Amino acid sequence: MNAAVPAINRMFRLQWEEAQDAWVLLYPEGMVQLNASAAEILTRVDGKKTITEIQTELLTKYPEAEGLEQDVNDFFVHAQTLNWIRYV
Amino acid sequence: MFETAKRRQPLWLLAELTYKCPLQCPYCSNPLDFAAAGQELTTEQWIDVFRQARKMGAAQLGFSGGEPLVRQDLEILIAEARRLGYYTNLITSGIGLNAQRIAHFHDAGLDHIQVSFQASDEEVNQMLSGSAKAFAQKLKMAREVKAQGYPMVLNFVTHRHNIDQIDRIIELCVELEADYVELATCQYYGWAFENREALLPTRAQLERAERITNEYRERLAAQGHPIKLIFVTPDYYEERPKKCMNGWGELFLTVTPDGTALPCHSARMLPLTFPNVKDHSLSHIWNDSEGFNYFRGKGWMKEPCRSCDEQDDDLGGCRCQAYMLTGDMHNADPVCSKSEHHSLILEARLAAEADVSATAMTFRNERNSRVFLKG
């Protein structure tokens, strides 16, 4: 169980960009285009759900995916080093 | 900056709302003859520009100038830009800002405020900005920006008069809780080119500043401090030019106060015709105008760029710098050691070693701008 509750850092704004055909993170004078799995995770980050709840949602949507829980954990470690998220 | 750009889209729209500014920084990148610029775009004209650029893929919108706070309709422009889905950046000196206005911008949806400083102390700041009260006002506004929860970037243009205080500058930024700090070594365009002799630091000054910045980076990272220090080296001390604007007409679109559209904010100085948003659609301007197509690709290159195996790395460098220094905008940027004009850069470096304390600076104001018009 991972009861930590992530939220997107105030510095960043998550947004669907039609022109990029992708989810992006916008920040002061810059933009990062997210790949499909990063977008699946980050669009579920709302400052309320725990990491375990996010994992459960993803497992329901992708029951075949192997090592999904570990991938999500790794993503959050990485996202924190990039300052994309903070914990509530 | 932008990590992905598959197609040629104007991802970054810089809206220079006005050339009016209460400060007179001698390194301003505005054109020398700004006093001759035509009438400013109206609120409706700006909103139309934002709408068109957004459709073409623009995601970042910078409100700049001059001092954008001079525009009384700024709040309306911010609200409309945010509604269109832009990440909105206010690039300001902080002069003309107050707590109430910061709050109104927040309500309108402003995402980020960048405050520019001239120095870390009042005396130097005053000398450079031409304003006695500016420094205290900037400090107050930077604190207010953070207190209201905005991400904040602090921008210090560094040069020989303030670069030796880099440690104090960084400490001030930490104290003010900046998220990003741009330690942007002055680039020599516009007014800065006029004042180059008085502004260019020596190599020793530059190397010291870079070393101190790196030491702070390590120390702050070790403390788990989230602040990011961005150090921009002046290309006068490089042997290869910068890939200017990440390519001409690839990513950036500047619209000047009178509606002239440019591939970069300096390009107005070039002997090219640039289209105006009052006369043409942005789509025509970006895709079909001569001004935006002129330096796209590599067909325009002369030797040594034309046969250079590094031509894709820097695309021949900056067109404005080539034009200002050599008189021909098709030449290699003289920063490149392969350029036959590289000696001009070497001479400027050498001149920086001399004592220039008595060199007078030309301040950026309406009166001086009119002198350039006559000249």
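Predicted model, so just to flag it, every value in this text is computed and none were measured. Here is the naming used below: chain letters follow the sequence lines, and residue numbers restart at 1 for every chain.
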Closest contact, heavy atoms only, [X] versus [Y]:
| X | Y | result |
| --- | --- | --- |
| E17(A) | G57(B) | OE1-O, 4.2 Å |
| P28(A) | Y87(B) | CD-OH, 3.2 Å |
| A59(B) | M31(A) | CB-SD, 3.8 Å |
| P151(B) | M11(A) | CB-SD, 3.4 Å |

| request: Go through the steps to decide whether E29(A) and W12(B) satisfy the test side chain to side chain contact (heavy atoms under 4.5 Å, CB included), and finish with yes or no. | output: CA-CA 8 Å; E29(A) 302 180 12; W12(B) 225 124; 3.6 Å; yes
Crowding at [atom1], [X] (>12 non-hydrogen neighbours, <6.0 Å):
| X | atom1 | value |
| --- | --- | --- |
| H78(A) | NE2 | no |
| Q100(B) | CD | no |
| K49(A) | NZ | yes |

| said: So for L61(B), is it side chain, backbone, both, or neither that comes closer than 4.5 Å to the heavy atoms of chain A? | reply: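 Neither part, no heavy atoms under 4.5 Å.
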| query | Where does D111(B) contact chain A at under 4.5 Å (heavy atoms): side chain, backbone, both or neither? | reply |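 For D111(B), backbone and side chain are both near chain A.
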| said: Just verifying a value: how many Å separate E18(A) CD and K55(B) NZ, rounded to the nearest 0.5 Å? | reply: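 If I round to the nearest 0.5 Å, the distance is 13.0 Å.
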| task | Could you tell me the separation between the CG atom of N83(A) and the CD1 atom of I227(B), rounded to the nearest 0.5 Å? | result |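 If I round to the nearest 0.5 Å, the distance is 11.5 Å.
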| query | Taking Q60(B) for the side chain and Y27(A) for the main chain, is one N or O donor matched with an acceptor at less than 3.5 Å? | reply |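 Yes; at least one donor-acceptor contact below 3.5 Å.
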